[in-house]
Structure formats: structure tokens, C-alpha cells
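What follows is one structure encoded as C-alpha cells, with my remarks underneath.
As the structure is a computational prediction, the values presented were derived from the model and not from experiment. Each chain gets a letter, A, B and so on, in the order its sequence line appears, and its residues count up from 1.
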Number of protein chains: 2
Amino acid sequence: MDSHGKTHQREHEDDVISPKPVALSKYSNRVELKTLLERSDGGARLAGKRVVIGGWVKSSRAVKKDSPPPPPPQPSVTVPPPPSTKSNISCTEIIQSKMNIFRKLFDVLSGGGKTTYPIFDKPEITGQKATSPPEYTIYFLISDGSSVSSLQVVVDSAMSTIPATQLMSLGTCIVAEGVLRHPLAASAKHVIELEAEKLLHVGTVDPEKYPLSKKQLPLHLLRDFSHFRPRTTTVGSVTRVHSALTLASHTFFQSNGFQYVQVPVITTTGFGEMFRVTTTLDREEKKHDGLSIETVKAAIKEKTRLIDHLKRSDSNREAVAAAVHDLKKTTDLAAQLEKKQKPQKLDFFGCDTYLTVSGRFHLESYASALGKVYTFGPRFTADKIDNARHLAEMWNVEAEIAFSELDDAMDCADDFFKFLCRYLLENRHEDMKFISKRVDKTVTTRLEATASNSLLRFSYTEAISLLQKATTRTFETKPKWGVALKEEHLSYLTDEICKGSVMIIHSYPKEVKPFYIRLNEDKKTVAAFDLVVPKVGVVISGSQNEERFEILDARIKELGSISREKYEWYLDLRRHGTVKHSGMSLRMEHMLLFATGLPDIKDAVPFPRSWGKANN
Amino acid sequence: MDSHGKTHQREHEDDVISPKPVALSKYSNRVELKTLLERSDGGARLAGKRVVIGGWVKSSRAVKKDSPPPPPPQPSVTVPPPPSTKSNISCTEIIQSKMNIFRKLFDVLSGGGKTTYPIFDKPEITGQKATSPPEYTIYFLISDGSSVSSLQVVVDSAMSTIPATQLMSLGTCIVAEGVLRHPLAASAKHVIELEAEKLLHVGTVDPEKYPLSKKQLPLHLLRDFSHFRPRTTTVGSVTRVHSALTLASHTFFQSNGFQYVQVPVITTTGFGEMFRVTTTLDREEKKHDGLSIETVKAAIKEKTRLIDHLKRSDSNREAVAAAVHDLKKTTDLAAQLEKKQKPQKLDFFGCDTYLTVSGRFHLESYASALGKVYTFGPRFTADKIDNARHLAEMWNVEAEIAFSELDDAMDCADDFFKFLCRYLLENRHEDMKFISKRVDKTVTTRLEATASNSLLRFSYTEAISLLQKATTRTFETKPKWGVALKEEHLSYLTDEICKGSVMIIHSYPKEVKPFYIRLNEDKKTVAAFDLVVPKVGVVISGSQNEERFEILDARIKELGSISREKYEWYLDLRRHGTVKHSGMSLRMEHMLLFATGLPDIKDAVPFPRSWGKANN
């Protein structure tokens, strides 16, 4: 890559070089493939342009130079059929079984030298060949992650000292300079390809250790390789959808007058199973005066054994007394060490701290000053659940609105949800098309239906009544007024009864929702809602939180389990200048499941954290 | 607030009601003050419009109905002068000394009943007065946090059963319906005010416990009240600036073709002082078979004392043996408890996990697949530092670019930094004007200069040479080639020599930068840069990270202290399809200090977390 930085400058400085390259990628000296392939003409009018491209090998095949060109692969990620002539090789074959034979063959053919790691920074220097091996034309499909599509790059094996087999391995990184041209083969379905003139960089792969394969592996097999799986077209697309949802969230709230507020991840408040944040654990493992607590414990054991032995062997009283005295000193030291290591006394913040489960408490403080606020950040629960819908670390978009009631938050959630759907349809067309093809055929129509239709709304009481009428399904938890709606209930409502997303609104029994939600006039129900989508469950939860000091205070007292002291600051917001307010929380990972149709949350998030699993 | 939701509907449904209200705030049934006050005519043409507004009292004064109207306060946050006539009262006076006298007086005057909390949801029901007290006209300045400006709201004390003193307290929340009018007093500087006809909601304040005051308190006095301080105009403005910087960051990267990647907060990799994430601590405190480790330790002590006593009192051998045997059982139990509680064995993820110090490692994985990626999230360090530039939890914007070298990341950082400055000038005009007035006079000119001029760039070696020539300053750490640039050096470079922001580029001694940064040809320096701004220090750090497997591997081995095993996944990125890449990291809180001129980071972040301090 050293050379192309110098010979090919940014477009606007580039009048001396002809033919003129198309727009370079900003902040990197190459053209993004999206720029070439996602044009309305598919890139046709770019033929003749000189470009530098970079990316990773998706598939490849080599053809002996005197052979006819193979049927060209389509500029997509589908596996091309294996070549018919024996003189042609494909990456697929190499990876699947014949690796060693082909590698040996090619090592011999191409001079056999062991290549260094990474190679080919300066081809003009390293390119001394002992003998002249037969030359191959290699057809690569290269992807750079800027879009779903891949570019066919045609490389002459003589351009590199690296054995062709190694170049051709799936996942090899290639930076090539060349000229765009229409494909030579008349049967080609792709519009444009690159005829490489120079390989500027090659980052090789060790195919025996590389976990990805040309075969479309089921996503769950890639979970242990979270650092490689974005190189698959599916995870690439899902990431671009995730990225779009993120910007769309900020755009929606800021264009509606909300201010972003950075709420803390480390907190002293919260409920349920939480993670502790501490600096005491590592200290415990450290030595004290050269003695660890483990050593001292071992000494106590040893010394007790000694006393036992002294007793049994009829030793004199002094020896026993001395041993007992010595033991006492050791147990004292143990106690002392124990005291010094008492975590609460030593911890970084001087108090118990946790990873936040929700940002809404902190947001309420800012809503009671700025009116409309939102945040977007990681939320944590330490529940020992390992299923397709739950992670220990998940990101929420949360909003809080002062001078508002439940209906306002419901309208906001409704608009936000539809905005996200519309945004994807408008801004991630290619990815949604690919995901529809590869993951879930109904995904685009689902987004379209959601964006253009009104969401069905009914109350908890109506939901229970609908569930009670269910004849085609029996539930583990019998639906009756007062029970929390479980996954089985929600999925029946969305998948079977409504065949779409629904909002369950207004009046939940107070026992099934958190203490801070506003008590309705009936004193039995609270002002909450849930937006539930098919196959996924709750995507947005919202509520009008209690603004009346006495009621909130009483409800905190009712829950003996939570430490009232920790909520004094939250109660303060009701003591001074209280206001009616409502808010909501969108679970980003669940939105992503809805938008992509992926069945498991572990495949939707780049680096999932779940019970018993944190990789990197 | 119950009533106005019904009588005043969203504007587009509102043709029946006359006069027509101006645009309501979306998702809350009131008009945001920004809509009224930040118009080009200052709101003049809105006179006669009926609106509902809500907000918190910034200042207030009451005038007896038969008195002439007081000189009207300006629609800003400056403290109005105390009224000259004794029959008029101002909020300032009440809060500062005469609270009890005035409260009593007003309680008597207004019927004296103790009001409930919160009050005035239904004025028509609660408005039965025993006697008719003298009536006051109360002039409020109300702010709703949507902008710097406040609205004057004129209220007749007879509208409410709440004592006027209580209504007038700083921080009281008021929702009022009324008609906009030009101010009556000819001397008024404000363009528009609201003549209230109904108070729809009042959220009172207990002034003796409320920490804010009409006096402009120094920000550091408010740090213990992080949940209230956004109600000050300064913190409100800083929050809106912070919000704008957040959206601007996403906009910059996405419009330049970067994909957002959600990197994890909980991680197994990292370096330096880190926070542990665990679920074992709470478990340790729990009992085991009814016995806590502390109880067992106490028993060991007691039993040892008993043996001692038995020995001294010449008891028979069997008694001593029995006691020793018993002690042994107890120490065994202690060992067993210890083992059961061994944190590593029990912890949630089955391994040691930490709060992330940087997202760049994880980003590199996605850059090696999608090309250009960025993220924005919380980063943590457990260093025991408590100063004006450091927090334990800070948010970074991080970016990583494949197919790029150091210069590309430098250009990206340069553009990003300028984009943020320009964005604030264009989108936060009123707030920047206020911050210039209240916090730092130079702030707007500084942003303008940064946005329009080229950043000065020089190398580490040049920086050292400039520092060595310094005659006006002696440094604690003498500047010579090889030392890390400390705060004293950076501030001298930016504040004294360059009088502006600088980029220190290209070649840092490898010893002063992390192990993963790319080694330059000279084998002595690494490819890094820092963007340093006056008074704040480093705002952006960037580097080209090592893409060569052998060199990275060797550098990890050099650092005996870090566990190589943890970095296997990171090394994998070089084993398979490696590529040159560079990236950067912007410290959002430091950008905010630069943009606002605030001297202390604890005042710039909503809920700061620092050594020994986590409030809520």
C-alpha cells in the first residue's frame, strides 16, 4: 500500500493522472466498492477508469492462461459452480479437502519459497523468481463490506510471488490497482470488473485455522468467532442495519426537540439481579506483607495438625503451649487480613456500585429541567437466563417527557417505531433485499406494513380476555386478570390473533410492573404500555411514572427489599417542582431482531455477553 | 394538567378553538418556550394567541393588586433588583431570610390551610376559600429548558389556593393556560408575556431543603445535587451543547461512509487499572449453611483461646485433644467456605471480566470486514486520580479505518474536530452566546478560529525541541527526547507557544505509547498522533495500529505483564487477512470542556463518577 498512496491521490488533486479515478473513499486510499457497484448503471459507465480497490476474498478460481475463461461468477456472494476443467481450481475445493495436495502443487509450480507474514508490500523488490512457473489467471470475488455486492477482480498469478493457492484462500486481504472493464465473457451477469495491474498488498490466511468457509455456515456455528463473523455477508448486512437504526434513533429524537443526556453506566441505584463494579477483587488476590490469605489459611491447617501430632505423641506441655500460642498468632493474622480486605471499606467509589439496569431514573432528573430528553446506552442484568432473546448487556434508547401523560409516551413510541422501519426501507434498501433473501422472506413486507398502518392498541384487560378465548393453544400460565403476560401469551397475541405488532396499553395490574409507575385512579392498575412485535416480543416498554410524592414514597416503603436511602435523590424530584411525565425505552437488539428476522439475539449483536460467556 | 389535555388539542385538529394556539410541543400538551421566544420577531406577532406553557420558576415577584405594576424583569435569567415598595415581595427576599415570616403572613392571608402534595390538579374543586385574602399579581419568570430564555407569566394569586409565597419559590413547577400579550409596562425589554387565566398544575418546592438559589452559585457547590443542577441555565446550556456534539458525531461518521458498531462494555481484554465486573461479591456476604465466613473465623479464634486456656489450667490430655480436633474441623470448614467462595469459579461469565478501557480492539475486528467503522460509548479507568480533567467513566467516539495509514486517521481527526466546532456555531447559537457571557468570553471566537483555520501540525521531536527552548517556564519533568509529554508540556505548547490547538504527529518514542501501535521503520518510534487543545489537553488520540503479525506478537511478548492468551483473538486479525489500518478516539467530555470553557470535567458531565464518588 506504500506506493498507491503516492501515485494515486485524492480525486480533486488528480488532474495529472489519466484516466481519472472515480471518487476515492474518504480517509483511505482506495475506492469503496459501494461507489462502483451501487450506481444506477451498475458501474457500466466507469469502464476504462483506473482505480485502487481493497477487500477480502469471498471466492476465487484460477484458470491456466492458455485455457478459455471460466463462466464468470456473478457479482454476488452465491457460490459459483465448481469449474469443469481439471486445469482450473476453485477456492471451495481447496478449502474443503484438497488443501495440502494443491498447496504442494502450487508451491512447486510457483517457486516453492516459504512466504513471510504479511507479504507483498513491495512487489518490485521481492519479485525474484527462481524458475518460471505456469501462469494462471485468477478470478476473485472481492468484498470490502461497504455493501452487499462483490467485485470481480482478475489477477495474473505472475503479479505476485505468493503461491496462487494462498492468494485464493477465502478471507485473504487484497489491495489491487487496475482498470475497470466490461466482463469479457458474453454470458457474464455482472456489469463491471477490475483488471488488476498491480497487487499493492496481500494479507494471507491460514485456511486450516480460519473458521469461515465458502459454504454458508449456520450463524450459530460462528458465535465463537465473533471477531471474524462480520466478514460474512449476512453479519455485514445486519451490522449496517444496526448502524442505520442507531443514527435514525438520534435523528428522530433530536428532530423532535429532545436533548440527548449522557446517563451513567456505573450507578448506586437499581433493582433485580445486578452486576457489581469493584476494584476490590484483584486486591484480594494480592499479597499482604508477602502473605496471601490462602497461605495463612494453609498455615493454620498445618499448625493445627502439628498440635494434634504433639498431643498424640505425648510431647511436653510447653511445646504444646508454644504451638497453640503460635496458632493463635496465625489466626489473628488471618482475621486481620480478612478485615483489611473487607471489600466495602476499600472499594473505589467508597460505596457499593452496580452496572445500570435502566437510564430512566437519571433521565427523569433531566426531564424535570429540560422538558424532553433521551439517551442511548448499555443496560445490564445479571439474571441467569440463556435464551435467544436475552443478553447480560443490551442497549436501550430511552426517552422521558415532562408535561406529558401516558398517551403522549405511547404516541412517541408509535412514531419512533414507525420512523425506524421507514428509515431502513429508505436507507438500507440493498441490505434489506439481501436479508429478505437470506434470512427472512417476510422482512421487507413486515417493515412496509408497520410503517404505513396504524398499530393495533388494546388494554391489558382486553388482552387477557382475548387469551382466555384462545381455543387453539393451551398456556403454561393460565391467562387470568392479575398475571404477568409471558412470552407464550405475547407471541399468541401477535403471531396468532393479531398477525402483527400490537400495543398493550393503559392499565396493567400494579403487581406486574415496577414500583415507580403511576397508580391509576382505580388504585389497582398502573399507567404503562408495551409495544409487542411478532416472534420477538416486547420492543418498547413505556410508562407514566409516579409524580405524587406521597404515593411514590408509600410504594417504596411497601417494597421492603429496596433500600429507601438509595432513592432519596429520586424522591427529591417529587419533593421539589414535581411534574407529570412519561417515557419509554426501546430495546435496540430486539428492534434489530424484528427488522432482520434473525431468530437469535446472539447473532444480532457484534460481541454478545451472556450467562457463562464473554469471549473477548 | 388533566383539563388542558382535553380542551387544547394538537394544532392540526384545533380549528374549533379560537384563537388558535401556536404549534404545540410534540408528545406533550404545551408549547415549548423556544417556539415562542426564539422566533426572529421575539414572539411579537404571537400576541393574542392562547397557549398552555409549562416550566419551572426562575424568579418571581408579587405586587398588591392596587399597586402599580413593578418594573418588569427582563426575559433572561439575571436577578431583578429588589422591589422598592414594601407591599411588593420578591422570591429572592423570601428565600434568603424572611421565609418564615412571609410564609406565616401569607398562610393567614390566603386561608392558612396546609396544602397537599402535589396540588392543584383540579382548581375548580379545591378552590373553596374561608376568607377572602388581599389579592396579588405575581410576575414569574418561567423556564422550560428548551432554550436559554425565560417567559414572563403574569398570574393572579386568586387563581390558586396555594399561598403565593409557595407558588413563588424558585424551582416551583407551573403549568399555565393563558393569552400571549405585549407587556403592559412601556419600559419592558421583553417582547411578549403570558397573561395566565388558569393554573393547570403546580409542583411546589420546599425552599428550606431545595439546594438551588436565585443567586448564581458557583458550579462546584452544586456537584452534590447532580439531579437538580440541570435546572440552572448554565448546566442546561452545557447539556444542549453536549447533545448537539453527540448527534454531530454520528452525522459526521455516517455521512462519510462509516458504519456504527456496538462494541461491548463488559470485556476480558484491556490494560491499566480496570474495574472488575462480578456477581460474586454479594454472594460472599450470604451465609453458608447458616454460617458466614466471619462467624467461622470468630469460632477459630474462640477455640484457639479455649485450647490456650485448657493448657494453662492443666486440663487432661483428652480435653485438649478434643478441643484441638474440634479446632481442626472448624479450620477445615473455613477452608471449604473459602474455596466455595473463590470468585473465579463462581462468576457470572465463568471468567474474569472488566469494564472496557477502549473500544478500538473490537472496532479493528469490524474494520477488517466492513472497512470504515466507528462507535460511541462509555470507557472506564480505575486510576485513583481526582482532578479537573479525569473521571472514572468517560465516553469516547472511536473510529477505525481499514486500508489506511496514519495520515488518513489524522485527516479524519482534523475534519471531525472542525465539523464539531462548526456544528455548534450553526446549531447552538443561543447557548454558545449564553456560555460566552457566563462561562468563557473567548469560547465563540475559539470555535470560529478552529473551524476555519488549519491545525498546526508538528512532530514529537519538534515538540521536544520547542519545549527545550522554553525560557519562561521550568518544567517538573525536563523535556528531552524519550519522555512522555505531560500536562505541563502540552499546556505550554498550546497556551504559550502556539496559542491554539495543535496536532503532535507521526513519531512518538515507542515506550510512551501502547504496545499495539505500529512500529516505524526506525524501530524506535511508533505511528501515533495527538490533537491537543488549549487549557484542556488531548481531545483526540490516534494511531496506525500494528498489522504485521510477527511484530505485534513480539511486542506482546515483550510486555510480560499482559496475559498473551487474552490477545489471541486480536492476533487472529493479523493471522488471517491482515490489512493496514488506522484509527482515533475522541474524548467527548474533553471536547465539551473545549467547547464550553468549563474548567472542571465534573461540571460538564451530568452524573460524574470519580474516585470516591458515585452519588446516584
Side-chain angles (χ1 to χ4, degrees), chain A residues 1 26-28 30 54 56 117-118 144-145 171 173 203 205 210 227 230-231 243 246-247 250 254 256 259-260 264-266 275-277 279 281 300 304 307 311 321 324 328 331 349-350 353 365-366 369-371 378 382 401 403-404 408 412 549 569 576-580 607 609 612 614 616, chain B residues 1 26-28 30 54 56 117-118 144-145 171 173 203 205 210 227 230-231 243 246-247 250 254 256 259-260 264-266 275-277 279 281 300 304 307 311 321 324 328 331 349-350 353 365-366 369-371 378 382 401 403-404 408 412 549 569 576-580 607 609 612 614 616:
Chain A
M1 213 152 67
K26 241 179 163 178
Y27 315 123
S28 92
R30 46 115 198 184
W56 291 267
Y117 223 127
D144 70 355
C173 180
V205 157
Y210 192 58
H227 56 307
R231 298 187 190 178
S243 174
T246 300
L247 179 60
H250 286 283
Q254 297 228 2
N256 281 305
Q259 302 295 334
Y260 169 85
V265 169
I266 297 174
F275 288 101
R276 274 282 283 276
V277 174
T279 53
L281 281 183
I300 292 180
T304 312
I307 294 174
K311 294 305 312 168
V324 170
K328 187 174 176 301
T331 52
F349 295 107
T353 49
S365 148
Y366 270 66
L370 300 175
I401 313 163
F403 311 104
S404 85
D408 299 300
C412 181
F549 178 85
W569 72 272
H576 305 293
T578 191
V579 62
K580 283 190 182 175
F607 302 93
R609 300 295 179 237
N616 39 31
Chain B
M1 213 151 73
K26 241 179 162 177
Y27 315 123
S28 93
R30 44 114 200 185
W56 291 268
Y117 224 127
D144 70 356
C173 180
V205 157
Y210 192 58
H227 55 307
R231 297 188 191 179
S243 174
T246 301
L247 179 60
H250 287 283
Q254 298 227 2
N256 281 305
Q259 302 295 334
Y260 169 84
V265 170
I266 297 173
F275 288 102
R276 274 283 282 275
V277 174
T279 53
L281 280 183
I300 292 180
T304 313
I307 294 174
K311 293 305 312 169
V324 170
K328 187 173 174 302
T331 52
F349 295 107
T353 48
S365 147
Y366 271 66
L370 300 175
I401 314 163
F403 312 105
S404 84
D408 299 301
C412 180
F549 179 83
W569 71 273
H576 305 294
T578 191
V579 63
K580 283 191 183 176
F607 301 93
R609 300 295 179 237
N616 39 30

Residue list, side-chain hydrogen bond (donor to acceptor under 3.5 Å, both in side chains) with A/H250, at least two apart or on another chain: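 By the side-chain hydrogen bond (donor to acceptor under 3.5 Å, both in side chains) rule, A/H250 matches A/Y374, B/H250.
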Is it the side chain or the backbone of B/P264 that comes within 4.5 Å of chain A heavy atoms, both, or neither?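 Its backbone and side chain both get close to chain A.
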Is chain A contacted by the side chain of B/I401, its backbone, both, or neither, given a heavy-atom distance below 4.5 Å?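 Just its side chain gets close to chain A.
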According to ring pair (Phe, Tyr, Trp, His ring centres under 6.0 Å), who are the partners of A/Y210, at least two apart in sequence or on a separate chain?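 Partners of A/Y210 by the ring pair (Phe, Tyr, Trp, His ring centres under 6.0 Å) criterion, ordered by chain and then number, come out as A/F228, B/H576.
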Nearest 0.5 Å, what's the [atom1]-[atom2] distance between [X] and [Y]?
X	Y	atom1	atom2	result
B/T353	A/F275	OG1	CZ	7.0 Å
B/Q254	A/L247	CD	CG	4.5 Å
A/R609	B/I266	CZ	CD1	7.5 Å
B/K328	A/I307	NZ	CD1	12.0 Å

Go through B/T331, B/V265, B/D144 and name the one with the most non-hydrogen pairs under 4.5 angstrom from chain A.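 Among B/T331, B/V265, B/D144, the one with the most close pairs to chain A is B/V265.
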Look at B/A614, B/C412, B/A321 and state which one has the largest set of heavy-atom pairs under 4.5 Å with chain A.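 If we count pairs closer than 4.5 Å to chain A, B/C412 comes out on top.
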Taking the side chain from [X] and the backbone from [Y], do they hold a donor-acceptor pair closer than 3.5 Å?
X	Y	answer
A/R30	B/F403	no
B/S243	A/Q259	no
A/W56	B/G577	yes

For a quick test of reading the model, state the closest non-hydrogen atom pair linking [X] to [Y] and the distance between them.
X	Y	answer
B/Y27	A/D408	O-CB, 3.0 Å
A/L281	B/L281	CD2-CD2, 4.1 Å
B/A382	A/T279	CB-CG2, 3.7 Å
A/P230	B/S365	CG-O, 4.0 Å

Given the options A/C173, A/P378, A/G171, which has more heavy-atom pairs under 4.5 Å with chain B than any of the others?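 Heavy-atom pair counts peak at A/C173.
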Who among A/T304, A/N616, A/L370 has the most heavy-atom pairs with chain B under 4.5 Å?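 The candidate making the most pairs under 4.5 Å is A/N616.
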Taking the ring centre of each residue, are B/F607 and A/Y366 less than 6.0 Å apart?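 Yes, close enough.
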